[in-house]
Amino acid sequence: MEQKKQSIETLPGVGAATSEKLRNVGYTDLMSIAVASPGDLVDSAGVTAAAAKKIIATARSSLEMGFESGTDLLKRREKVEKITTGNKSFDELLGGGFETGAIVEAFGEFGSGKTQIGHILSVNVQLLEKEKKPIAVYIDTENTFRPERIQQLAKGAKLDPDKILKSIKVARAFNSDHQMLLAEKIEDLIKKQGMNVKLIVVDSLIAHFRAEFIGRGTLAERQQKLNKHMHVLLKLADKYNLCVFVTNQVMAKPDVFFGDPTQAIGGHIVAHASTFRLYLRKGKKGSRVAKLVDSPNLPEGECGFYVEESGLKDI
Ligand code: GTP
Ligand code: MG
């Protein structure tokens, strides 16, 4: 959706200092402010509640708070493409594959298959029909990207391993700030270098944040930064009709006696920004189980598969 370019400094009471604070936590345009709550702005920019209300009201009235017709939306939906997992039941769970224009979050314990899925998507994004070569961008925070594994999976998908390796741009992120900066730089690859980026993998989304912000007092700051990061990714997904795949970890919930005693890190910030959420766990006989826990248009459900050398195999 094209918005009239109007900077946040045009809002009442938003001078240089306030605008810097707002930008730092991801409020970079009128739309992001228009959809914020007064409490969000009070926390992040240190303005009074009354000022926050006025800022938000002005942002709202100066935007055409775009109503699109159902027909226009359907047209947008027709542009959505689906990246196959190479596994029929997994694809079916997701209504045909990993959607472009969306963020898909996978959370699960160590070894549950999150990184493997990131690798498989990086290979299979090449199967999208394109005049221009699709590019996968892989932000690797845990040093677990393996080109050798890409070669195996490319062979498994009957694709040329060397061509596939060339079409994946990998960046190692050394801390959360670096990770956020890398995500912001992806737009340069698209705009300045003309790359047809169709997939962004952030593996792991959360590890650096989790390690750097320890203790209760730092939680608000961590969540603000995560919010900003997710916002950047969401914008890329939306603007360039590309798929974002992020991996998340789980923590033990000591107070749960029935059902699954784990929950995703990152709280509602990550959950809300994600369009689809997958919970991965280890199944019987070395299999893996993927459960769709959140989706705008698909039923909850789950499927099982095996991670094998050539790809994800049916049970
Ligand atoms: P963390 O990053 O530690 O949280 O785990 P993860 O969810 O990213 O797990 P990952 O995707 O790394 O899954 C690892 C599992 O995939 C291993 O336990 C292996 O069972 C399996 N795996 C990885 N590579 C191969 C392979 O080449 N062949 C086979 N058969 N299995 C593989
Ligand atoms: Mg991993």
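All values derive from a computational prediction rather than experimental measurement. For the single chain, residues carry numbers from 1 onward in sequence order. Side-chain atoms are counted along with the backbone in the values below, which use heavy atoms only and exclude waters and symmetry mates.
- Between K155 and E309, none of the side-chain N atoms (NZ, or NE/NH1/NH2) sits under 4.0 Å from a carboxylate O, so this pair counts as no salt bridge.
- Below 30°, between 30° and 60°, or above 60°: for F90 and F305 the angle between ring planes is below 30°, a parallel geometry.
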Test I117 against L280 for side-chain contact (heavy atoms from CB on, under 4.5 Å), laying out the working first.
CA-CA 11 Å; I117 292 171; L280 296 170; 3.7 Å; yes
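- Taking the six-membered ring where tryptophan is involved, the planes of Y138 and H119 are perpendicular, since the angle between them exceeds 60° and thus also 30°.
- Listed for the E212 side chain is a donor-acceptor partner under 3.5 Å among the backbone atoms of S176.
- Under 4.0 Å is where a charged nitrogen must lie from a carboxylate oxygen, and between E221 and K225 no such pair does.
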Give the C-alpha distance, both sets of side-chain angles, the deciding distance and a yes or no for side chain to side chain donor-acceptor pair (under 3.5 Å) between N124 and T84.
CA-CA 6 Å; N124 288 353; T84 178; 4.9 Å; no
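- Checking side-chain atoms of N241 against main-chain N and O of K79 turns up a donor-acceptor pair under 3.5 Å.
- Taking a 6.0 Å sphere around NZ of K282, one finds it holds more than 12 heavy atoms contributed by other residues, nucleotides or ligands.
- Taking the side chain as every heavy atom from C-beta outward, I206 and L226 approach each other to under 4.5 Å.
- In this structure a side-chain-to-backbone donor-acceptor pair under 3.5 Å is missing from D188 to K192.
- Looking only at side-chain heavy atoms (C-beta outward), I8 and L22 come within less than 4.5 Å of each other.
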List the steps and the verdict of side-chain contact (heavy atoms from CB on, under 4.5 Å) for V244 and V104.
CA-CA 6 Å; V244 176; V104 186; over 6 Å; no
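- A donor-acceptor pair under 3.5 Å is absent between the side-chain atoms of D43 and the main chain of D40, judged by distance alone.
- Under the 3.5 Å distance criterion, the side-chain polar atoms of D238 are left unmatched by any main-chain donor or acceptor of G101.
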Show the numbers, then the answer: is there a side chain to side chain donor-acceptor pair (under 3.5 Å) between N87 and S89?
CA-CA 6 Å; N87 180 283; S89 54; 3.0 Å; yes
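- The main-chain N or O of Q126 is never found under 3.5 Å from a side-chain atom of K133 such that the two would form a donor-acceptor pair.
- Inter-residue side-chain proximity for F98 and V125 is flagged as unmet; no heavy-atom pair is nearer than 4.5 Å.
- Using a cut-off of 4.0 Å between Lys/Arg side-chain N and Asp/Glu carboxylate O, E302 and R281 are scored as salt-bridged.
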N227 and V25: CA distance, side-chain angles, deciding distance, side-chain contact (heavy atoms from CB on, under 4.5 Å) verdict:
CA-CA 7 Å; N227 187 33; V25 289; over 6 Å; no
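- Although no hydrogens or angles enter the test, the distance criterion places no donor-acceptor pair under 3.5 Å between the side chain of S274 and the main chain of R277.
- Side-chain contact of Q116 with R288: a donor-acceptor pair under 3.5 Å is absent, judged by distance alone.
- K313 has no carboxylate O lying under 4.0 Å from a charged side-chain N of E308, or vice versa, which leaves the two without a salt bridge.
- Nearest heavy-atom pair, I83 versus D91, reported as atom, atom and distance to 0.1 Å: O-OD1, 4.5 Å.
- Checked by atom type and distance alone, the side chain of K114 pairs as donor or acceptor with a backbone atom of G108 at under 3.5 Å.
- At least one donor-acceptor pair closer than 3.5 Å links the side chain of N248 to the backbone N or O of I265.
- A 4.5 Å side-chain heavy-atom check between Q179 and F174 finds every atom pair outside the cut-off.
- Electrostatic pairing of D160 and K166 does not count as a salt bridge here, judged by no charged N lying under 4.0 Å from a carboxylate O.
- Residues Y306 and K285 have side chains in contact (heavy-atom distance under 4.5 Å, counting atoms from C-beta outward).
- Looking only at distances, no side-chain donor or acceptor of Q151 sits under 3.5 Å from a matching main-chain atom of D162.
- A salt bridge links K235 with D29: the closest approach of a Lys/Arg side-chain nitrogen to an acidic carboxylate oxygen falls below 4.0 angstrom.
- R23 and E9 are joined by a salt bridge, as a carboxylate oxygen and a charged side-chain nitrogen come within less than 4.0 angstrom of each other.
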